[in-house]
Each structure stands twice: as C-alpha cells, then as structure tokens.
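To keep things clear, I will list the structure first and then write my remarks on it.
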Amino acid sequence: MALKFQNGILTTATTVGDTTVVSKAILAAVQSALPLIAKAALEGPPESLFPAPSIYKIVVKDDIISFLGGRGDKDIAVPLNTGAGQ
C-alpha cells in the first residue's frame with residue numbers, strides 16, 4: 001500500500017496485490033476435498049434420527065411474556081460419517 005500526503009493531507013492511496021492468490025487457494029481446497037466428498041457420497045453413510053426442532057415465537061404484551069409454538073412433528077434424518085471405512 002502506498003500513501004501520498006501533501007501538506008499533511010492524504011491525497012492518494014494505492015494498493016497493489018496479487019488477485020490470483022485467492023483463486024489458487026480455493027482451487028487447492030476444492031482439489032483436496034473432492035476425493036473425500038466423492039468417497040462419502042459413494043459409501044452412503046448411516047443416518048441417525050434427531051428429534052424435531054422446537055420453534056417458539058416470543059410475544060410481549062404489556063408486562064406479560066408468552067411463548068407460542070412447540071415441538072415439530074417430524075424427526076430429522078442426518079447422515080453420519082463414522083469414519084469406519086477408513
């Protein structure tokens with residue numbers, strides 16, 4: 001970064017950088033993660049059921065606070081990678 005001052009006032013500021021660094025880092029991350037993602041997709045990891053989320057709306061009226069809502073009716077199936085195939 002180069003700053004140019006004239007009479008104590010900043011007149012110009014320039015920044016020089018390599019914009020290809022970010023794209024190279026993203027490509028490297030994708031290349032290293034892709035085999036792991038493909039392996040996990042082909043193995044079909046086991047699923048585990050988690051309870052349905054509870055969602056509430058907080059209602060404040062005068063000096064009364066109420067919670068409206070409750071537990072959902074459908075459990076959530078989440079695939080788990082146990083690492084057993086490694």
Side-chain angles (χ1 to χ4, degrees):
M1 177 178 253
L3 303 174
K4 185 176 180 183
F5 294 88
Q6 185 175 5
N7 297 328
I9 299 173
L10 178 64
T11 56
T12 59
T14 56
T15 303
V16 179
D18 184 4
T19 58
T20 63
V21 173
V22 174
S23 59
K24 288 178 185 176
I26 292 171
L27 285 175
V30 169
Q31 287 175 341
S32 64
L34 196 55
L36 299 174
I37 294 170
K39 181 181 176 186
L42 293 175
E43 287 180 356
E47 288 189 349
S48 181
L49 286 178
F50 289 90
S54 298
I55 300 176
Y56 292 91
K57 177 180 179 182
I58 302 172
V59 178
V60 179
K61 185 175 181 183
D62 299 325
D63 61 347
I64 300 172
I65 299 174
S66 304
F67 294 88
L68 304 177
R71 185 175 185 270
D73 58 349
K74 292 185 180 180
D75 291 338
I76 300 171
V78 178
L80 299 175
N81 187 354
T82 60
Q86 295 178 352

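All values below were derived from every heavy atom in this structure, side-chain atoms included, with hydrogens, water molecules and symmetry-related copies excluded.
Residues Ile58 and Phe67 have side chains in contact (heavy-atom distance under 4.5 Å, counting atoms from C-beta outward).
Counting only residues at least two apart or on different chains, the salt bridge (Lys or Arg N to Asp or Glu O under 4.0 Å) pairs with a member in residues 62-74 are Arg71-Asp75.
If you take CG on Leu3 and OG1 on Thr14, they are separated by 7.5 Å, rounding to the nearest 0.5 Å.
Linking Ile, Leu, Val, Met, Phe, Trp and Tyr residues whenever their side-chain heavy atoms come within less than 4.5 Å leaves Val59 and Ile55 in two separate clusters.
Legend: residues meeting side chain to side chain contact (heavy atoms under 4.5 Å, CB included) with Thr11, ordered by chain and number and at least two apart, are Lys4, Gln6.
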